[in-house]
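None of these values were measured; they are calculated from a predicted model.
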Amino acid sequence: MSEAAARAPHFVRSLERGLAVIRAFDADHPELTLSEVARTCGLTRAAARRFLLTLADLGYVRADGRAYRLTPRVLELGYSYLSSFSLAQIAEPHLEQLVENTRESSSLCVLDGDDVVYVARVPARRIMTAAITVGTRFPAHVTSVGRVILAHLPPEETEVRLARAALTPLTARTIVSADLLRAELDRVRRQGYALVDQELEEGLRSIAAPVRDRGGEVVAAVNIPVQAGRTSLAAVRRDLLPPLLETVAGIETDLRMFTGATGPARASSPGTGTHRSSSSPRPPAPRP
(Lines give C-alpha, C1' and ligand atoms only; values in the text may rest on other atoms or scores of the structure.)
Protein backbone atom coordinates (compact mmCIF):
# COMPACT_ATOMS: atom_id res chain seq x y z
CA MET A 1 0.00 0.00 0.00
CA SER A 2 1.36 3.42 -0.92
CA GLU A 3 2.00 6.07 1.71
CA ALA A 4 -0.80 8.23 0.28
CA ALA A 5 -3.26 5.33 0.40
CA ALA A 6 -2.33 4.59 4.01
CA ARG A 7 -3.24 8.10 5.18
CA ALA A 8 -6.23 8.41 7.49
CA PRO A 9 -9.42 9.93 5.99
CA HIS A 10 -8.94 13.11 7.99
CA PHE A 11 -5.44 13.73 6.60
CA VAL A 12 -5.09 17.12 4.89
CA ARG A 13 -2.44 16.73 2.22
CA SER A 14 -2.25 20.44 1.43
CA LEU A 15 -1.33 21.19 5.06
CA GLU A 16 1.42 18.58 4.88
CA ARG A 17 2.79 20.22 1.73
CA GLY A 18 2.61 23.70 3.20
CA LEU A 19 4.61 22.60 6.24
CA ALA A 20 7.09 20.85 3.95
CA VAL A 21 7.69 24.15 2.18
CA ILE A 22 8.51 25.82 5.51
CA ARG A 23 10.84 22.96 6.50
CA ALA A 24 12.68 23.22 3.18
CA PHE A 25 14.45 26.30 4.55
CA ASP A 26 17.23 25.58 7.04
CA ALA A 27 20.63 26.84 8.16
CA ASP A 28 22.26 25.52 4.99
CA HIS A 29 19.48 26.85 2.75
CA PRO A 30 18.22 30.17 4.17
CA GLU A 31 17.24 31.30 0.67
CA LEU A 32 15.53 29.15 -1.94
CA THR A 33 14.24 29.87 -5.42
CA LEU A 34 10.85 28.67 -6.60
CA SER A 35 12.48 25.82 -8.52
CA GLU A 36 14.52 24.76 -5.49
CA VAL A 37 11.44 24.69 -3.26
CA ALA A 38 9.56 22.64 -5.84
CA ARG A 39 12.43 20.17 -6.19
CA THR A 40 13.04 19.83 -2.44
CA CYS A 41 9.36 19.29 -1.64
CA GLY A 42 8.49 17.16 -4.64
CA LEU A 43 5.99 19.72 -5.94
CA THR A 44 5.27 21.19 -9.34
CA ARG A 45 6.45 24.75 -9.85
CA ALA A 46 2.81 25.90 -9.95
CA ALA A 47 1.99 24.23 -6.64
CA ALA A 48 5.18 25.51 -4.99
CA ARG A 49 4.37 29.03 -6.19
CA ARG A 50 0.87 28.88 -4.65
CA PHE A 51 2.23 27.71 -1.31
CA LEU A 52 4.98 30.35 -1.26
CA LEU A 53 2.58 33.15 -2.16
CA THR A 54 0.11 31.99 0.51
CA LEU A 55 2.88 31.88 3.12
CA ALA A 56 3.98 35.34 1.99
CA ASP A 57 0.42 36.65 2.38
CA LEU A 58 0.38 35.21 5.92
CA GLY A 59 3.73 36.82 6.72
CA TYR A 60 5.80 33.63 7.10
CA VAL A 61 7.82 34.06 3.90
CA ARG A 62 9.15 37.07 2.01
CA ALA A 63 10.45 37.36 -1.54
CA ASP A 64 13.91 38.77 -2.14
CA GLY A 65 14.26 39.03 -5.89
CA ARG A 66 13.95 35.50 -7.27
CA ALA A 67 14.65 33.94 -3.89
CA TYR A 68 12.43 33.41 -0.87
CA ARG A 69 13.31 33.58 2.82
CA LEU A 70 11.47 32.75 6.02
CA THR A 71 10.49 35.66 8.27
CA PRO A 72 10.74 35.78 12.07
CA ARG A 73 7.02 35.12 12.20
CA VAL A 74 7.66 31.38 11.76
CA LEU A 75 8.86 31.41 15.36
CA GLU A 76 5.23 31.76 16.37
CA LEU A 77 4.65 28.20 15.17
CA GLY A 78 6.86 26.84 17.93
CA TYR A 79 6.36 29.50 20.56
CA SER A 80 3.08 28.14 21.89
CA TYR A 81 4.70 24.78 22.55
CA LEU A 82 7.86 26.17 24.07
CA SER A 83 6.03 28.73 26.21
CA SER A 84 3.79 26.03 27.68
CA PHE A 85 6.65 23.59 28.17
CA SER A 86 6.90 23.82 31.93
CA LEU A 87 9.87 21.47 32.16
CA ALA A 88 12.05 23.81 30.11
CA GLN A 89 11.09 26.74 32.32
CA ILE A 90 11.76 24.74 35.47
CA ALA A 91 15.12 23.49 34.20
CA GLU A 92 16.58 26.77 32.95
CA PRO A 93 17.75 28.25 36.28
CA HIS A 94 19.34 24.92 37.16
CA LEU A 95 21.15 24.86 33.82
CA GLU A 96 22.37 28.40 34.42
CA GLN A 97 23.83 27.37 37.77
CA LEU A 98 25.44 24.30 36.25
CA VAL A 99 27.08 26.39 33.53
CA GLU A 100 28.30 28.88 36.10
CA ASN A 101 29.82 26.09 38.18
CA THR A 102 31.42 24.12 35.36
CA ARG A 103 32.10 26.83 32.76
CA GLU A 104 30.66 24.44 30.18
CA SER A 105 27.46 24.67 28.14
CA SER A 106 24.43 22.64 29.13
CA SER A 107 21.12 21.73 27.50
CA LEU A 108 17.82 20.03 28.25
CA CYS A 109 16.50 17.69 25.55
CA VAL A 110 13.41 15.58 24.96
CA LEU A 111 12.65 12.74 22.58
CA ASP A 112 10.56 13.56 19.51
CA GLY A 113 10.13 10.62 17.17
CA ASP A 114 13.60 9.21 16.55
CA ASP A 115 15.33 12.53 17.30
CA VAL A 116 16.22 14.48 20.39
CA VAL A 117 15.14 18.12 20.41
CA TYR A 118 16.86 20.84 22.41
CA VAL A 119 14.17 22.67 24.41
CA ALA A 120 16.41 24.65 26.77
CA ARG A 121 20.05 25.65 26.45
CA VAL A 122 22.54 27.77 28.37
CA PRO A 123 25.79 28.28 26.44
CA ALA A 124 29.21 28.86 27.94
CA ARG A 125 31.56 31.43 26.50
CA ARG A 126 33.65 28.77 24.79
CA ILE A 127 32.72 28.25 21.16
CA MET A 128 31.81 24.68 20.28
CA THR A 129 32.06 23.44 16.69
CA ALA A 130 28.45 22.21 16.73
CA ALA A 131 26.02 25.11 16.33
CA ILE A 132 23.24 24.20 18.76
CA THR A 133 20.20 26.28 19.65
CA VAL A 134 16.74 25.63 21.05
CA GLY A 135 14.95 23.56 18.43
CA THR A 136 18.10 21.79 17.17
CA ARG A 137 17.51 18.11 16.41
CA PHE A 138 19.91 15.17 16.28
CA PRO A 139 19.37 11.42 15.84
CA ALA A 140 18.73 10.13 19.36
CA HIS A 141 20.92 7.02 19.15
CA VAL A 142 24.14 8.93 18.52
CA THR A 143 23.82 11.53 21.32
CA SER A 144 24.33 11.26 25.06
CA VAL A 145 20.91 12.76 25.81
CA GLY A 146 19.25 10.45 23.31
CA ARG A 147 20.89 7.33 24.70
CA VAL A 148 19.87 8.24 28.23
CA ILE A 149 16.23 8.48 27.16
CA LEU A 150 16.33 5.45 24.85
CA ALA A 151 17.90 3.35 27.59
CA HIS A 152 14.84 3.87 29.78
CA LEU A 153 12.17 3.07 27.21
CA PRO A 154 10.25 -0.21 27.48
CA PRO A 155 12.47 -2.94 25.99
CA GLU A 156 10.07 -3.67 23.13
CA GLU A 157 10.04 -0.01 22.11
CA THR A 158 13.82 0.16 22.24
CA GLU A 159 13.99 -2.83 19.87
CA VAL A 160 11.62 -1.17 17.41
CA ARG A 161 13.71 1.99 17.42
CA LEU A 162 16.97 0.09 16.97
CA ALA A 163 15.48 -1.80 14.03
CA ARG A 164 14.60 1.38 12.15
CA ALA A 165 17.56 3.55 13.20
CA ALA A 166 19.87 4.67 10.39
CA LEU A 167 23.14 3.44 11.88
CA THR A 168 25.37 5.39 9.54
CA PRO A 169 28.83 6.57 10.65
CA LEU A 170 28.96 10.29 11.39
CA THR A 171 32.56 9.91 12.55
CA ALA A 172 35.04 7.06 12.71
CA ARG A 173 33.87 6.41 16.29
CA THR A 174 30.13 6.20 15.66
CA ILE A 175 28.55 2.93 16.78
CA VAL A 176 26.98 1.40 13.67
CA SER A 177 26.17 -2.06 15.03
CA ALA A 178 22.73 -2.64 16.54
CA ASP A 179 24.19 -5.22 18.93
CA LEU A 180 26.88 -2.83 20.15
CA LEU A 181 24.35 -0.03 20.53
CA ARG A 182 22.03 -2.33 22.46
CA ALA A 183 24.89 -3.21 24.80
CA GLU A 184 25.72 0.48 25.23
CA LEU A 185 22.11 1.27 26.15
CA ASP A 186 22.20 -1.53 28.72
CA ARG A 187 25.31 0.01 30.24
CA VAL A 188 23.73 3.47 30.26
CA ARG A 189 20.69 2.06 32.06
CA ARG A 190 22.86 0.39 34.70
CA GLN A 191 25.20 3.30 35.39
CA GLY A 192 22.57 6.04 35.19
CA TYR A 193 24.31 8.31 32.68
CA ALA A 194 25.61 8.28 29.11
CA LEU A 195 29.01 9.38 27.90
CA VAL A 196 29.42 9.71 24.12
CA ASP A 197 32.95 10.19 22.82
CA GLN A 198 33.20 11.88 19.41
CA GLU A 199 30.43 9.83 17.77
CA LEU A 200 28.30 12.78 16.70
CA GLU A 201 31.21 15.05 15.78
CA GLU A 202 34.97 14.69 15.89
CA GLY A 203 36.43 16.49 18.87
CA LEU A 204 33.13 16.61 20.79
CA ARG A 205 32.39 14.62 23.94
CA SER A 206 29.14 14.78 25.85
CA ILE A 207 27.83 13.40 29.12
CA ALA A 208 24.12 13.28 29.99
CA ALA A 209 21.84 12.16 32.80
CA PRO A 210 18.08 11.49 32.81
CA VAL A 211 15.40 13.71 34.31
CA ARG A 212 12.53 11.82 35.93
CA ASP A 213 9.08 13.11 36.80
CA ARG A 214 7.27 12.44 40.07
CA GLY A 215 6.16 9.05 38.74
CA GLY A 216 9.71 7.94 37.99
CA GLU A 217 9.38 8.28 34.23
CA VAL A 218 12.31 9.63 32.23
CA VAL A 219 10.90 12.67 30.45
CA ALA A 220 14.09 14.44 29.40
CA ALA A 221 17.86 14.53 29.76
CA VAL A 222 20.48 17.15 30.58
CA ASN A 223 23.90 17.14 28.97
CA ILE A 224 27.27 18.82 29.19
CA PRO A 225 29.31 18.85 25.95
CA VAL A 226 33.07 19.42 26.01
CA GLN A 227 35.94 19.62 23.57
CA ALA A 228 37.89 16.36 23.56
CA GLY A 229 41.20 18.15 23.10
CA ARG A 230 41.04 19.82 26.50
CA THR A 231 38.92 17.43 28.60
CA SER A 232 39.73 13.73 29.00
CA LEU A 233 37.09 11.06 29.58
CA ALA A 234 38.37 10.63 33.12
CA ALA A 235 38.02 14.37 33.76
CA VAL A 236 34.48 14.35 32.38
CA ARG A 237 33.47 11.64 34.85
CA ARG A 238 35.41 13.14 37.74
CA ASP A 239 34.64 16.84 37.32
CA LEU A 240 31.38 17.07 35.38
CA LEU A 241 29.30 14.03 36.34
CA PRO A 242 28.81 15.02 40.03
CA PRO A 243 27.47 18.54 39.28
CA LEU A 244 25.39 17.10 36.42
CA LEU A 245 23.71 14.59 38.74
CA GLU A 246 23.18 17.33 41.32
CA THR A 247 21.54 19.50 38.66
CA VAL A 248 19.10 16.87 37.46
CA ALA A 249 18.20 16.09 41.07
CA GLY A 250 17.32 19.77 41.56
CA ILE A 251 15.24 19.80 38.39
CA GLU A 252 13.39 16.70 39.53
CA THR A 253 12.66 18.26 42.92
CA ASP A 254 11.22 21.38 41.30
CA LEU A 255 9.36 19.33 38.72
CA ARG A 256 7.58 17.41 41.47
CA MET A 257 6.72 20.63 43.26
CA PHE A 258 5.42 22.46 40.18
CA THR A 259 3.50 19.60 38.61
CA GLY A 260 1.97 18.44 41.89
CA ALA A 261 -0.79 15.91 41.48
CA THR A 262 -1.03 16.54 37.73
CA GLY A 263 1.91 14.22 37.07
CA PRO A 264 4.12 14.64 34.01
CA ALA A 265 1.81 16.99 32.11
CA ARG A 266 3.66 19.00 29.47
CA ALA A 267 6.91 17.31 30.39
CA SER A 268 7.12 15.18 27.26
CA SER A 269 7.76 16.12 23.67
CA PRO A 270 4.80 16.34 21.30
CA GLY A 271 3.65 13.10 19.81
CA THR A 272 5.94 10.92 21.88
CA GLY A 273 4.35 10.76 25.31
CA THR A 274 6.34 9.91 28.39
CA HIS A 275 7.94 6.57 29.06
CA ARG A 276 8.27 4.49 32.17
CA SER A 277 11.83 4.35 33.34
CA SER A 278 13.56 1.54 35.11
CA SER A 279 13.24 1.59 38.86
CA SER A 280 16.98 1.54 39.50
CA PRO A 281 18.13 4.37 41.78
CA ARG A 282 20.37 7.16 40.57
CA PRO A 283 24.01 6.15 41.08
CA PRO A 284 26.20 8.01 43.56
CA ALA A 285 28.64 10.50 42.13
CA PRO A 286 32.06 8.92 41.53
CA ARG A 287 34.87 9.80 43.87
CA PRO A 288 37.67 11.96 42.46
**Complete:** Here the pair of heavy atoms bringing Glu92 nearest to Val122 is O-CG2, 4.3 Å
**Message:** For Arg212, is there any backbone N or O sitting under 3.5 Å from a side-chain donor or acceptor partner on Glu252?
**Reply:** yes
**Qualifying side chain to side chain donor-acceptor pair (under 3.5 Å) pairs with a residue from residues 58-73, counting only residues at least two apart or across chains** = Glu31-Arg69, Arg73-Glu76
**Prompt:** Which value, rounded to the nearest 0.5 Å, describes the distance between Arg23 atom CZ and Cys41 atom SG?
**Reply:** 8.5 Å
**Asked** If you take all heavy atoms of Ala91 and Ile251, which pair is closest and at what distance?
**Response** CB-CD1, 3.8 Å
**Prompt:** In terms of hydrophobic clustering (I, L, V, M, F, W, Y; side-chain heavy atoms under 4.5 Å; direct or indirect links), are Leu58 and Ile22 co-clustered?
**Reply:** yes
**Message:** Within this structure, what is the CG-CG distance for the pair Asp26 and Leu32, rounded to the nearest 0.5 Å?
**Reply:** 7.5 Å
**Request:** Verify the cluster assignment for Val211 and Leu241: are they in a single hydrophobic cluster under the rule of side-chain heavy atoms below 4.5 Å apart?
**Result:** yes
**Request:** Take Glu199 and Arg147, measure what side-chain contact (heavy atoms from CB on, under 4.5 Å) needs, and give me the verdict at the end.
**Result:** CA-CA 12 Å; Glu199 293 189 47; Arg147 287 182 184 174; 2.6 Å; yes
**Request:** For residues Leu98 and Ser106, report the shortest heavy-atom separation together with the two atoms involved.
**Result:** CD2-OG, 3.4 Å
**Prompt:** If you look at every heavy atom in Leu55 and Gly18, which pair is closest and at what distance?
**Reply:** CD1-O, 4.3 Å
**Atom of Val145, atom of Ala208 and distance for their closest heavy-atom approach** = N-CB, 3.6 Å
**Item:** Under 3.5 Å: donor-acceptor pair, side chain of Thr171, backbone of Leu200
**Value:** no
**Message:** If you apply the rule side-chain contact (heavy atoms from CB on, under 4.5 Å), what do you find for Val188 with Val148, and how did you get there?
**Reply:** CA-CA 6 Å; Val188 169; Val148 161; 4.2 Å; yes
**Message:** Rounded to the nearest 0.5 Å, what separates atom CD1 in Ile149 from atom OG1 in Thr158?
**Reply:** 11.5 Å
**Asked** Can a salt bridge be assigned to the pair Glu104 and Arg205 using a cut-off of 4.0 Å between side-chain N and carboxylate O?
**Response** no
**Ser144/Ile207 under side-chain contact (heavy atoms from CB on, under 4.5 Å): CA gap, chis, key distance, verdict** = CA-CA 6 Å; Ser144 60; Ile207 189 167; 5.8 Å; no
**Message:** So does Ala140 get a backbone contact from the side chain of Thr143, meaning a donor-acceptor N/O pair under 3.5 Å?
**Reply:** yes
**Message:** Using the rule that Ile, Leu, Val, Met, Phe, Trp and Tyr join whenever any side-chain heavy atoms are under 4.5 Å apart, tell me whether Val196 and Leu204 fall into a single cluster.
**Reply:** no
**Message:** Using 0.5 Å steps for rounding, measure from the CG atom of Leu108 to the CG atom of Leu87.
**Reply:** 5.0 Å
**Request:** Report whether Val248 and Tyr193 are members of the same hydrophobic cluster (ILVMFWY, side-chain heavy atoms less than 4.5 Å apart, transitive linking).
**Result:** yes
Show me the side-chain donor-acceptor pairs of residues 33-40 shorter than 3.5 Å, one per line, residues at least two apart or across chains.
from, atom 1, to, atom 2, distance (Å)
Thr33, OG1, Glu36, N, 3.2
Thr33, OG1, Glu36, OE1, 3.4
Ser35, OG, Arg45, NH1, 2.4
Glu36, OE1, Thr33, N, 2.8
Thr40, OG1, Glu36, O, 2.8

**Message:** So Glu100 and Glu96, do their side chains get closer than 4.5 Å, heavy atoms only?
**Reply:** no
**Item:** Contact summary for Pro242 and Arg237, nearest pair of heavy atoms
**Value:** CD-O, 3.4 Å
**Fill in**
Rounded to the nearest 0.5 angstrom, the CG-CG distance for Leu95 and Asn223 is 9.0 Å
**Prompt:** Say you draw a straight line from NE2 of His94 to OG1 of Thr253; how long is it, rounded to the nearest 0.5 Å?
**Reply:** 7.5 Å
**Item:** Cluster overlap Leu150 with Val160, hydrophobic side-chain contacts below 4.5 Å
**Value:** no
**Message:** Could you tell me if the side chain of Asp114 sits less than 4.5 Å from the side chain of Arg161, heavy atoms only?
**Reply:** yes
**Request:** Check step by step if side-chain contact (heavy atoms from CB on, under 4.5 Å) holds for Leu244 and Val222.
**Result:** CA-CA 8 Å; Leu244 174 63; Val222 173; 3.7 Å; yes
